Amino acid sequence: SVKSAFYCWINGTYVGMGKGSMLPVEFDVTRLVRSGENTVSVKVYQFSDATYLEDQDMWFMSGIYRDVALYARSKAHIADIYAKSELDGEYQDAKLYVEVRTENVTLKNATPKSVAVDGETAMTEKVADGECSRCADVTIELLWQGGVEAQMTQTVSGDAMSFVMDCKAVRLWTAETPNLYQIRATLHTADGEIQTRMVDFGFRQIEINREKAQLLLNGKPLKLRGINYHAFTPDNGYYVPREVYERDLQTMKRFNINA
């Protein structure tokens, strides 16, 4: 993240800009990087029109205040994972809905079972019986402390895939008991794994009881006690070390602040 706005170049070539100073910005630089040393140049503006949208009771400081990273992935890959849940009337069992979006795993005049991955390039081949020994599949697993509690596999038949899983006796998430499962999505063929992505997930249900004007979490009334928090330290400005975040959160919990 950069305050307030910035322009970015890779090896002298302009790649983009950003001015949402509390949000990460991502650029596809595949065609611009080269083997060996590369140069990333950033021009930072202290103020922009976005400054007025973000104007709050806080110190104004400018610059790059969060990590800058470069990552690579295979040509055929999992681009995104979205998950949500729906609890039953007893708040014990749940349905887990997972949406997975893939890229470069394509279908061209082929049945869903004729997706093949060749090296780094995802390609398809049509066979007479609609079968292929190297079909691309996505497997979704729900993990609790490393153990698999539910699992489902589908063959890739387009860029977007939807999974619905029945989960029994789930451990609910609350601020006092922040139970987190892991959802593991694996893109693979008969020849092996292409990519695996993991996301944390908590089972919870937020509702509003209009008759009693109550906010409910997992069927129980929840009262919000909030503060206006700005991530800031006298020594580091907006670059806040992890231990400071943890100390601030512990302090807020001691005073029953939950929002």
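Note that this is a predicted model, so its numbers are computed, not measured.
- Considering only heavy atoms from C-beta on, L87 comes within 4.5 Å of N218 through its side chain.
- If you check the side chains of T51 and S4, you find a donor sitting under 3.5 Å from an acceptor.
- The closest side-chain donor-acceptor pair between N11 and T13, if any, does not fall under 3.5 angstrom.
- Residues N258 and L222 form a side-chain contact, since some pair of their non-hydrogen atoms from C-beta on lies under 4.5 Å apart.
- Looking at E86 and K84, no side-chain N of the basic residue comes within less than 4.0 Å of a carboxylate O on the acidic one, giving no salt bridge.
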Check your understanding: Given R247 and E243, is the salt bridge (charged side-chain N to carboxylate O under 4.0 Å, His left out) satisfied, shown in steps?
Key -> CA-CA 6 Å; R247 184 188 65 203; E243 57 270 18; over 6 Å; no

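- No more than 12 heavy atoms of other residues, nucleotides or ligands sit less than 6.0 Å from atom OH of Y7.
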Could you pull out every donor-acceptor pair under 3.5 Å between side chains of residues 196-204 and any protein atom, sequence neighbours left out?
residue: T196; atom: OG1; partner: T186; partner atom: OG1; Å: 3.3
residue: T196; atom: OG1; partner: E193; partner atom: OE1; Å: 3.4
residue: T196; atom: OG1; partner: E193; partner atom: OE2; Å: 2.9
residue: R197; atom: NH1; partner: I78; partner atom: O; Å: 3.1
residue: R197; atom: NH1; partner: A79; partner atom: O; Å: 3.0
residue: D200; atom: OD1; partner: Q182; partner atom: NE2; Å: 3.3

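- Atom OH of Y239 sits in a sparse spot, with 12 or fewer heavy atoms from other residues, nucleotides or ligands closer than 6.0 Å.
- Taking the ring centre of Y238 as origin, the terminal cationic atom of K3 falls inside the region bounded by 6.0 Å and 45° from the ring axis.
- Listed by chain and residue number, K19 satisfy the salt bridge (charged side-chain N to carboxylate O under 4.0 Å, His left out) test with D49 (two or more places apart in sequence, or in another chain).
- No hydrogens or angles considered: a donor-acceptor pair under 3.5 Å links the side chains of Y71 and E26.
- A 4.5 Å side-chain heavy-atom check between W9 and K43 finds at least one atom pair inside the cut-off.
- Using a 4.0 Å cut-off between charged nitrogen and carboxylate oxygen, K220 and E207 do not count as a salt-bridge pair.
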